[in-house]
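Encoded as structure tokens, the structure appears first; notes follow it.
Given the structure is predicted, the values throughout are model-derived calculations rather than measurements. By convention in this document, chain letters (A, B, ...) are assigned in the order of the sequence lines, proteins followed by strands, and residues within each chain are numbered from 1.
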2 protein chains.
Amino acid sequence: MTEKDNKEASKATVLRLPIYLRYLKRIQKEGVSVISSTRLATDISLNPVQVRKDLSSISSGAGKPKVGFKVQELIFEISNFLGYDNTNDAVLVGVGRLGTTLLNYSGFNNYGLNIIAGFDTNSEVIGKTIANKPVYDISELPSIVKKHSIKMGIITVPKENAQKICNLMINSGIVAIWTFSHIHLKIPDNVVIKYEDMGASLALLSNQLRTLLSKK
Amino acid sequence: MTEKDNKEASKATVLRLPIYLRYLKRIQKEGVSVISSTRLATDISLNPVQVRKDLSSISSGAGKPKVGFKVQELIFEISNFLGYDNTNDAVLVGVGRLGTTLLNYSGFNNYGLNIIAGFDTNSEVIGKTIANKPVYDISELPSIVKKHSIKMGIITVPKENAQKICNLMINSGIVAIWTFSHIHLKIPDNVVIKYEDMGASLALLSNQLRTLLSKK
DNA sequence: TAGATTGTTAATCGATTAACAATC
DNA sequence: TAGATTGTTAATCGATTAACAATC
């Protein structure tokens, strides 16, 4: 089932990989070249078996008993698996506060994401350049997406307009959508979507907080 | 085990509740007063049984066969369960781009979160007021947190400083931490933490995108 | 060699979904 | 009444963890 160089990983695993990667990059900087799964797991509060399973599910290189894993190698394998090497170009629609923050955020490079332009309907931002990224009128989206064969779109518009923008993106050829608008979007089967929902995160945290406080 | 008015809900359920809530508020605005779990589930691409289980796990009021659930009632019950009624005051440390965006974001009210102040070490932002929230010198954090009995802290500082800020918060009496810094923080057992990790989200999405593209 | 660490199989845990009786 | 919808029990699925043999 699983072919070489095209391994599958569970959703839960994929969510942990960037955490491993960040950790590995950090210790590499500190001069560490070999790490045991036990140590790695302890340092990020995870189960060592889980770490080993995650690593073995994506990596062909193996760890050495008694020694551990080569940091360099793991960084390479994880980056590779996550596709951080061959960058994803993306467009962002909705250059408001959040959109501007995302355009400005330089850390996305580390995740293989490259936002090439922003789009909006507001003439006050159209024509501006934010962190070297031009802001175009939304009407130019289809041609630019097609021209650069862009597959990923980021939605940071008010929720009332999110579905409209989503449709526009899909019609222009985008097949992966990352949305920060708090509304469920209707999409065809062949499009993938990820809802970024800080409200849900916050709900979980405040729920835990309540449980914590009520225990006292 | 489960007492009245103090129900427990699984982590997965808690993460879905804000989604239900948003949906319910939207349809209420549109004049809908009764909704079936079937319909709700379809509209947000979930399984109806799951929705009913989630609702029954937090709500004492029941749905009526053939009719459905009262929208008003559900909104009340979910808000209540999530604690969106009795607001959580919070402080935010790190008034950079992301911190500023969060201070400006008005939507947190809907989640029962009220950021009362920002803190930083940068004299350029100290003394400013962002969206009616004062920005103080970090040295004032302990006294303000104690004075207002604040339980929640938001960390938006560079990762190098995150642990230091985390410690300061905990020493000042904060027991729930929401961090946007991409680093694992060491905390005592009686503190809850939620890592907001856009990198992980992005990893999942680009992984799905790759799978999608390779299938074609 | 001895023992720390790996990789994997089996057991457990938790969450989702299928099946179905109850009921408005 | 008939049938749509609820609430719950049982079955399934997926992810985590425990147990342990392999090995450097």
Side-chain angles (χ1 to χ4, degrees), chain A residues 1-2 4 7-20 24 27 32-71 73-74 77-78 81 200 203-204 207-208 211, chain B residues 1-2 4 7-20 24 27 32-71 73-74 77-78 81 200 203-204 207-208 211:
Chain A
M1 192 81 51
T2 308
K4 281 226 164 176
K7 301 224 177 189
E8 306 249 333
S10 78
K11 213 174 140 179
T13 298
V14 174
L15 284 169
R16 279 188 296 267
L17 291 176
I19 300 170
Y20 299 152
L24 293 164
I27 61 168
V32 178
S33 65
V34 171
I35 183 86
S36 75
S37 61
T38 332
R39 181 69 202 284
L40 197 162
T42 310
D43 283 352
I44 54 181
S45 303
L46 287 176
N47 183 304
V49 180
Q50 190 171 61
V51 171
R52 264 173 275 147
K53 232 183 174 188
D54 285 345
L55 294 181
S56 81
S57 80
I58 61 132
S59 157
S60 42
K64 283 213 179 100
K66 176 104 195 233
V67 181
F69 297 79
K70 283 186 190 154
V71 174
E73 211 170 288
L74 282 184
E77 302 249 32
I78 297 177
F81 178 86
L204 198 59
N207 192 250
Q208 289 172 331
T211 312
Chain B
M1 192 78 52
T2 309
K4 281 227 164 175
K7 301 222 176 189
E8 305 249 334
S10 78
K11 214 174 139 178
T13 298
V14 174
L15 284 169
R16 280 188 296 267
L17 290 176
I19 300 170
Y20 299 153
L24 292 165
I27 61 168
V32 179
S33 66
V34 170
I35 182 87
S36 75
S37 61
T38 332
R39 180 68 203 285
L40 196 161
T42 311
D43 283 351
I44 55 182
S45 303
L46 288 176
N47 182 305
V49 180
Q50 190 171 61
V51 171
R52 262 174 275 147
K53 233 184 171 185
D54 285 345
L55 294 181
S56 82
S57 80
I58 61 132
S59 158
S60 42
K64 283 211 179 100
K66 178 107 194 229
V67 181
F69 297 79
K70 283 186 189 153
V71 174
E73 210 171 288
L74 283 184
E77 303 249 33
I78 297 176
F81 179 85
L204 198 58
N207 193 250
Q208 289 171 331
T211 312

Interatomic distance, A:S57 atom OG to A:L17 atom CG [nearest 0.5 angstrom]: 7.0 Å

Between C:dT8 (C1') and A:D54 (CG): distance, integer Å: 14 Å

Separation of atom NZ in B:K53 from atom P in C:dA18, rounded to whole Å: 13 Å

Most 5' of A:A12 and B:L55 on DNA chain D, judged by nearest nucleotide: B:L55

Whole-Å distance separating the CG atom of A:L46 from the C1' atom of D:dA15: 13 Å

Listed nucleotide nearest any side-chain atom of A:V49, set D:dT8, C:dT9, D:dA18: D:dA18

Scan nucleotides 3-5 of chain D against the protein and return all N/O pairs shorter than 3.5 Å with their distances rounded to 0.1 Å.
from, atom 1, to, atom 2, distance (Å)
D:dT5, O4', B:K66, N, 3.1

A:V14 side chain near A:K11 side chain, heavy-atom distance below 4.5 Å: no

Test item: A:S56 side-chain N/O and A:K53 main-chain N/O as donor-acceptor pair under 3.5 Å: yes

Nearest-0.5 Å distance, CG of residue B:L74 to CD1 of residue B:I58: 7.5 Å

Side-chain heavy-atom pair B:Y20, B:L46 within 4.5 angstrom cut-off: yes

Where DNA chain D forms stems, i.e. three or more consecutive Watson-Crick or G-U pairs with both distances under 3.5 Å: C:3-24 with D:3-24

Protein-nucleotide distance (B:N47, atom CG; D:dT12, atom P), rounded to Å: 16 Å

Test side-chain contact (heavy atoms from CB on, under 4.5 Å) applied to A:L40 and A:L24, step by step: CA-CA 9 Å; A:L40 197 162; A:L24 293 164; 4.1 Å; yes

Any side-chain heavy-atom pair of A:R52 and A:L55 under 4.5 Å: no

Atom-pair distance (CG on A:L40; C1' on C:dT6), nearest Å: 14 Å

Between OG on residue A:S36 and CG on residue A:D43, distance to nearest 0.5 Å: 9.0 Å

Interatomic distance where CG belongs to B:L74 and P belongs to D:dG7 [whole Å]: 10 Å

Sugar-phosphate, base or nothing in reach of B:R39, heavy atoms under 4.0 Å: nothing

Atom-to-atom span, CG of B:L15 to C1' of C:dT16 - whole angstrom: 15 Å

Approximate separation, where rounding is to 0.5 Å, of B:S59 OG and B:I78 CD1: 8.0 Å

Integer-rounded Å distance: C:dT16 C1' and B:K11 NZ: 17 Å

